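Computed from a prediction, not measured in an experiment: that's the story for all the values here. Ligands are counted one by one from 1 in listed order, and the atoms in each one are counted from 1 as well.
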Amino acid sequence: MAQSYAQIVVDVPTQQTNRPYTYDVPDELAAQVQPGVRVLVAFGHRSVLGYVVGLTEALPEDLTEAQVKDVLTVLDERPVLSSELLELAHDLAKKNFSFWVAFLALMLPTALKASYRKELTAKAGLSDSDRVAYLDGQKQVLVKMKAFSAKGWRAIRNLQKNGLLDVRTVVENQGKVKTELAYKTNADLEVLQKIDNELSKGAKQQRRLLNFAMAHPGQTFSKKDWQAQLDCSLASLNTAVNKGILEKVQVEVKRRPAIMGAKALSGSLQGQKKVLNDEQQAAYDRVTSAIEKGQNKVFLLEGITGSGKTEVYLQAAQKAIDRGEQVLFLVPEIALTPQMQRRVEERFGDKTALLHSGLSSGERYDEWRRIHDGQVQVVVGARSAVFAPLDRLGLIIVDEEHESSYSQSENPHYSARDVALFRANYHQAPVVLGSATPSLESRARAQKGVYELLTLTKRANPEASLPQVDIVDMRQVQLDRGDTNFSQELLDKLKAHLKRGEQAVLMLNRRGFSSFVMCRDCGYVPRDPNCNLAMTLHMDSRTLKCHYCDYQEPIPRICPACGSNRIRYYGTGTEKVETELQALLPDYPVIRLDQDTTRRKGAMGKALSDFGEKKAQILLGTQMVAKGLDFPDVTLVGVLNADTGLGLPDFRASEKTFQLLTQVAGRAGRAKAQGEVVIQTFNPEHYALKYAEKHDYEGFYRQEMAIRHAAEFPPYYYTIQIQCSSPDENRVSLQTAKIAAWLKKRLPKDVLLLGPSPRSIAKMKGRFFFQMILKMKKQNEADELLRDLVDRSQKADQDFRLEVRRDPVSFM
Ligand code: ADP
Ligand code: ZN
């Protein structure tokens with residue numbers, strides 16, 4: 001048998017180890033070691049997890065047999081990563097200046113990720129106090145890496161060096177399979193016959209069980225099935241075991257996430273197919289023709305809210321499924337409402353897998369395995385679902401393609417939209433990017449013919465039309481009526497709609513810092529000591545909280561800066577609006593939807609189904625209420641503060657505001673009754689609001705493109721963000737300036753460097769942040785240089801961190 005070697009990426013995320021290493025494959029493991037399996041290998045003095053990314057027959061020339069270590073053991077019976085995903089991980093790491101292994105790990109459910117533990121064993125001579133400090137007083141313990149601080153580990157290393165302690169690395173596979181008790185019938189008919197002869201006349205239950213067993217020898221049924229089918233007690237099942245009729249077995253069960261509260265959702269959600277209107281049909285024809293031809297085309301489906309985009313997705317998906325292909329359906333987390341889940345499940349039933357952040361790690365693991373086992377035809381999920389292990393992809397849908405949540409800002413950075421394009425290209429399948437308000441980047445690509453533009457201009461429900469939008473100037477309202485969240489106009493409309501038995505959605509835009517305490521005399525604002533952010537007021541717990549690090553403290557009565565007692569809250573939160581609303585309209589209960597009320601699992605589904613059942617006529621919430629909701633009786637939408645997002649230090653502030661207003665306005669008038677929208681603002685003349693008022697995406701697109709062109713921003717330029725951080729403000733500011741100077745000397749002439757400047761949230765979780773922005777015409781112009789920079793920064797000291805983000809979607 002030919003000697004073979006494996007190329008293995010080890011789970012040591014550093015720049016120096018960001019490449020495959022060659023390992024020897026021992027003969028006895030040769031059958032199991034394949035690309036895509038995880039293995040345990042020796043690395044330095046440790047044993048670490050590794051991912052097999054390739055196999056070679058010959059030893060690479062720069063290595064000798066003696067230098068090559070062997071694979072210690074194989075963790076997976078069959079590959080957990082396909083060759084497509086291996087290639088994708090490599091590509092993403094290169095493009096996003098991150099580690100290969102970080103992407104390999106990202107593609108697998110957390111339950112599969114190995115967790116490392118150390119086994120500490122006391123040796124002769126270890127003092128009692130050390131034994132208490134490190135071994136919990138025992139002879140041997142298994143501890144997590146985070147059980148001790150760096151200081152603790154240093155001490156442990158010293159004990160080890162002095163021969164007082166043994167330290168061993170243990171890798172644990174966390175992927176636990178859930179099993180349940182089941183009963184299997186005896187397969188031996190002769191034995192059953194013998195039992196039959198011996199069974200007493202009175203044993204009716206046993207007789208029935210026995211007859212069933214003789215009719216189904218050697219078959220396994222769950223406890224529930226036995227009880228449901230034969231109506232027998234647990235005791236009689238166990239008696240049958242004692243008699244030898246049945247045998248107890250453990251069978252594997254896969255946890256399926258339930259759709260919380262979906263059962264009671266509104267009546268508009270019939271599962272059956274709709275007859276497409278002309279525009280829908282035209283879009284459907286283009287997409288399905290690409291599916292049939294196996295064409296890697298990208299469609300941009302630009303359709304106003306309620307125009308029936310989802311119906312087009314579902315019917316096109318059906319086409320791919322009928323051809324035996326699979327469909328990946330991405331939705332932003334926030335739009336993955338129980339309504340959407342139910343719509344997909346009603347169409348595709350058991351063949352659907354759902355992946356979203358509300359799942360427990362066990363549920364996530366089980367959904368992943370159903371996909372990996374080929375039992376699934378449609379995967380619906382948020383960002384990370386884009387890595388679902390599908391191997392017969394025939395169509396990829398990216399709904400609300402403009403959503404910034406498709407871009408992961410934490411390390412490793414990636415854009416799910418770009419990953420979708422990669423995968424579709426690999427499978428030669430079409431992609432549908434859908435939105436009422438496409439990102440400027442995508443819309444511009446459609447303009448240039450890179451994507452094919454498909455448009456839906458009418459509401460799909462023939463009786464529905466777009467709502468009438470009114471903009472209300474809150475500057476005047478506050479002059480007339482004092483500090484309030486409700487203009488007279490909004491109040492009057494609310495009363496009128498509610499009186500008719502209709503429903504209203506009210507949105508409080510919480511981008512920006514809205515509900516904080518300020519001293520009316522000196523202007524002092526309490527900030528949290530970790531992040532230096534204005535803290536948010538929580539009336540229920542009477543505390544101030546930081547929304548980034550969760551630091552909290554009591555509300556001060558007296559200003560710590562000037563001693564005044566006129567320290568009051570300023571701005572507003574959903575709780576405060578709810579209180580005011582209940583005082584203004586005491587007869588109408590309110591359902592509140594925000595981070596606080598939806599933290600509990602299933603709480604969002606419950607709130608929405610209550611609203612669907614009309615247990616309340618008013619739904620009040622943050623941006624959460626803007627996306628994807630489809631309730632026929634909602635005829636009024638109120639936006640309480642349209643402008644909090646406009647002041648953000650981000651070139652996309654107008655685009656994001658326009659998108660949000662259009663989305664939320666789209667919740668009104670989805671059925672027969674005419675909808676109305678009231679937008680309250682302090683900037684009534686702003687163009688983002690003016691175009692939202694007219695439902696004019698194309699007009700907004702043209703004006704915003706002109707502005708981006710003049711300011712040299714995307715989509716005319718590509719941007720890359722370089723972010724430096726350190727707990728030491730002076731160091732990071734100095735170091736960032738040095739890096740900027742270093743870059744300026746080496747960057748190609750036409751690459752512009754902005755900054756460095758402290759980020760608008762300069763301090764977070766005890767670290768100070770500075771950023772630089774590069775702007776360039778050609779996408780990859782600075783890549784080489786940036787890789788070099790990342791490489792060098794790795795060698796800098798531990799506390800200094802540098803991250804490079806391509807096409808960042810947030811500059812906060
Ligand atoms: P979008 O995804 O564009 O917001 P949806 O697909 O949710 O739109 O459709 C909006 C509403 O119109 C839904 O209640 C849907 O059931 C209905 N609908 C969609 N297509 C049709 C059609 N061809 N005929 C009648 N009703 C339709
Ligand atoms: Zn904080």
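Considering only residues two or more places apart in sequence or on other chains, E502 meets the side-chain hydrogen bond (donor to acceptor under 3.5 Å, both in side chains) condition with H497, R500, T635. When the side chain to side chain contact (heavy atoms under 4.5 Å, CB included) test is applied to K614, the partners found at least two apart in sequence or on another chain are Q503, D633.
Close approach of ligand 1 to D630 is summarised as follows: ligand atoms under 4.0 Å from at least one heavy atom of the residue are 11 (C), 13 (C), 14 (O). Atoms of ligand 1 found under 4.0 Å from any heavy atom of L276 (numbered from 1 in listed order, with element): 23 (N). Atoms of ligand 1 lying under 4.0 Å from at least one heavy atom of R670, given by number and element, are 4 (O), 7 (O), 10 (C). Residue-ligand proximity, E311 to ligand 1, at heavy-atom distances under 4.0 Å covers atoms 6 (O), 19 (C), 20 (N). Remark: ligand 1 atoms within the under-4.0 Å shell around heavy atoms of V275 are 22 (C), 23 (N), 24 (N). For ligand 1, the atoms lying closer than 4.0 Å to a non-hydrogen atom of N277 are 23 (N).
When Q315, R343, K274, Q280 are checked for heavy-atom proximity to atom 6 (O) of ligand 1, R343 turns out nearest.
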#### Entry: Intermediate values then yes/no, ring-ring contact (aromatic ring centres under 6.0 Å, His included), F329 and Y313
CA-CA 8 Å; F329 187 173; Y313 304 148; 5.5 Å; yes
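Residue contacts with ligand 1: T305 is placed with no nitrogen or oxygen under 3.5 Å of a nitrogen or oxygen of the ligand (distance criterion only). Geometrically, ligand 1 and P462 share no nitrogen or oxygen pair separated by less than 3.5 Å.
With hydrogens and angles disregarded, no donor-acceptor distance shorter than 3.5 Å links the side chain of K297 to the backbone of A290.
Using a cutoff of 4.0 Å between basic side-chain nitrogens and carboxylate oxygens, E704 and R708 are scored as salt-bridged.
Taking the six-membered ring where the residue is Trp, F611 and F631 present perpendicular rings, their angle passing 60° and hence far from 30°.
Under the 6.0 Å cut-off for aromatic ring centres, F387 and Y414 qualify, their centroids lying closer than that.
Taking a 4.0 Å cut-off on heavy atoms, G303 fails to register as neighbouring ligand 1.
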